[in-house]
Amino acid sequence: MTKLFLSLHVLAAILAVGPVTVAASMFPSALRRAHGGSGGGDALGTLRLLHRICRVYAALGLAVPVFGFATAGSLGVLGDTWLIVSVILTAGAAAVLTLLVVPAQGRELSALVEGAGTGTGAGAGVATGAESVAHAAGRLAMATGVFNLLWATVTVLMIVRPGSTTGA
């Protein structure tokens with residue numbers, strides 16, 4: 001069963017977390033292009049697609065820790081330090097994605113849609129001017145970078161497993 005759980009865990013990580021990291025990383029530059037008018041008619045559609053990918057695959061990403069816990073349980077490593085640190089970092093990555101990245105994408109997308117008819121980008125707490133858009137895109141890029149760095153750290157811990165006695 002361990003090999004099955006491990007295979008499902010790795011596949012879930014690749015198929016669910018991978019698209020989120022790419023789509024979330026692409027969103028800030030697509031936001032700048034959409035506000036700058038250089039994105040063409042597809043700029044809004046691109047932002048909607050990237051935001052949808054982040055929302056849907058974030059939900060699918062719940063399978064990663066589920067299969068991870070099943071794998072850890074079958075290996076008998078639930079109390080190992082490397083796993084506990086990985087769980088904490090995974091929770092942190094999930095919090096950054098669900099509390100910072102996805103809501104900020106939604107706010108900026110809504111503001112762009114609302115402002116499409118007026119050219120003002122209406123809405124409280126959202127970017128409207130060129131400088132505000134740059135700051136919003138920068139904050140979004142920073143939060144996405146933190147999310148990606150957390151997942152990269154978890155990946156390294158899963159591979160290296162410092163102090164593990166189950167083989168490497």
Side-chain angles (χ1 to χ4, degrees), residues 1-34 42-113 125-126 136-164 166-168:
M1 273 317 256
T2 300
K3 290 181 181 183
L4 174 65
F5 288 145
L6 181 58
S7 297
L8 292 172
H9 174 62
V10 171
L11 283 170
I14 291 168
L15 298 175
V17 178
V20 172
T21 59
V22 173
S25 296
M26 292 173 65
F27 193 93
S29 63
L31 178 64
R32 287 184 193 102
R33 282 193 308 276
D42 292 336
L44 187 58
T46 298
L47 286 173
R48 284 183 174 140
L49 176 64
L50 293 173
H51 183 56
R52 185 178 319 123
I53 289 170
C54 289
R55 282 189 333 235
V56 171
Y57 282 88
L60 294 175
L62 294 173
V64 176
V66 168
F67 290 125
F69 277 118
T71 302
S74 67
L75 287 172
V77 296
L78 283 171
D80 286 8
T81 304
W82 65 270
L83 184 68
I84 294 168
V85 171
S86 294
V87 168
I88 292 168
L89 293 175
T90 298
V96 168
L97 182 65
T98 59
L99 299 176
L100 297 176
V101 174
V102 172
Q105 287 178 346
R107 282 191 306 272
E108 293 303 323
L109 187 56
S110 293
L112 190 61
V113 168
V126 295
R139 283 189 305 272
L140 194 49
M142 180 186 67
T144 299
V146 169
F147 168 75
N148 291 342
L149 183 60
L150 288 169
W151 270 116
T153 305
V154 169
T155 301
V156 170
L157 284 172
M158 291 290 154
I159 293 168
V160 174
R161 298 180 299 167
S164 175
T166 60

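All figures in this text were calculated on a predicted structure; none of them were measured in a lab. Index from 1, following the sequence. We use all heavy atoms of the structure for the numbers below, so side chains are in, but hydrogens, waters and symmetry mates are not.
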Within a strict 4.5 Å, meaning less than it, do heavy atoms of the Phe27 and Leu140 side chains meet? yes

To the closest 0.5 Å, what do you measure between CG (Leu47) and CG (Leu31)? 6.0 Å

Closest non-hydrogen atom pair, Gln105 against Ala24: NE2-CA, 3.8 Å

How long is the straight-line distance from CG of Leu60 back to CD1 of Ile53, given to the nearest 0.5 Å? 11.5 Å

Of all heavy-atom pairs linking Ala30 and Thr46, the shortest is CB-CG2, 4.3 Å

Evaluate the side chain to side chain contact (heavy atoms under 4.5 Å, CB included) criterion for residues Val113 and Arg48: first the C-alpha distance (whole Å), next the side-chain angles of each, then the deciding distance (0.1 Å), finally the verdict. CA-CA 10 Å; Val113 168; Arg48 284 183 174 140; 3.5 Å; yes

Please step through side chain to side chain contact (heavy atoms under 4.5 Å, CB included) for the pair Leu11 and Phe67, ending with a clear verdict. CA-CA 10 Å; Leu11 283 170; Phe67 290 125; over 6 Å; no

Test side chain to side chain contact (heavy atoms under 4.5 Å, CB included) on Trp151 and Leu97; report intermediate values, then the result. CA-CA 11 Å; Trp151 270 116; Leu97 182 65; over 6 Å; no

Look only at the side chain of Thr21 and the backbone of Gly18, and say whether a donor-acceptor pair between them is shorter than 3.5 Å. yes

As an exercise, state the distance from CD1 of Ile88 to CG of Leu157, rounded to the nearest 0.5 Å. 11.0 Å

Going from CG on Leu149 to CE on Met142, what distance comes out if it is rounded to the nearest 0.5 angstrom? 12.5 Å

For residues Ala136 and Glu108, report the shortest heavy-atom separation together with the two atoms involved. CB-OE2, 3.6 Å

Tell me the closest heavy-atom pair linking Val64 and His9, and the distance in Å. O-ND1, 2.8 Å

For Val20 and Ala58, which heavy atoms make the closest approach, and how far apart are they? CG2-N, 3.6 Å

Is the backbone N or O of Phe5 less than 3.5 Å from a side-chain atom of Thr71, with the two atoms forming a donor-acceptor pair by type? yes

Mind listing the closest non-hydrogen atom pair of Ala143 and Val96 along with its distance? O-CG1, 3.4 Å

State the CD1-CH2 distance between Ile159 and Trp82, to the nearest 0.5 angstrom. 11.0 Å

Look at atom CE of Met26 and say whether more than 12 heavy atoms of other residues, nucleotides or ligands are closer to it than 6.0 Å. no

State the CZ-CG distance between Phe147 and Leu100, to the nearest 0.5 angstrom. 11.5 Å

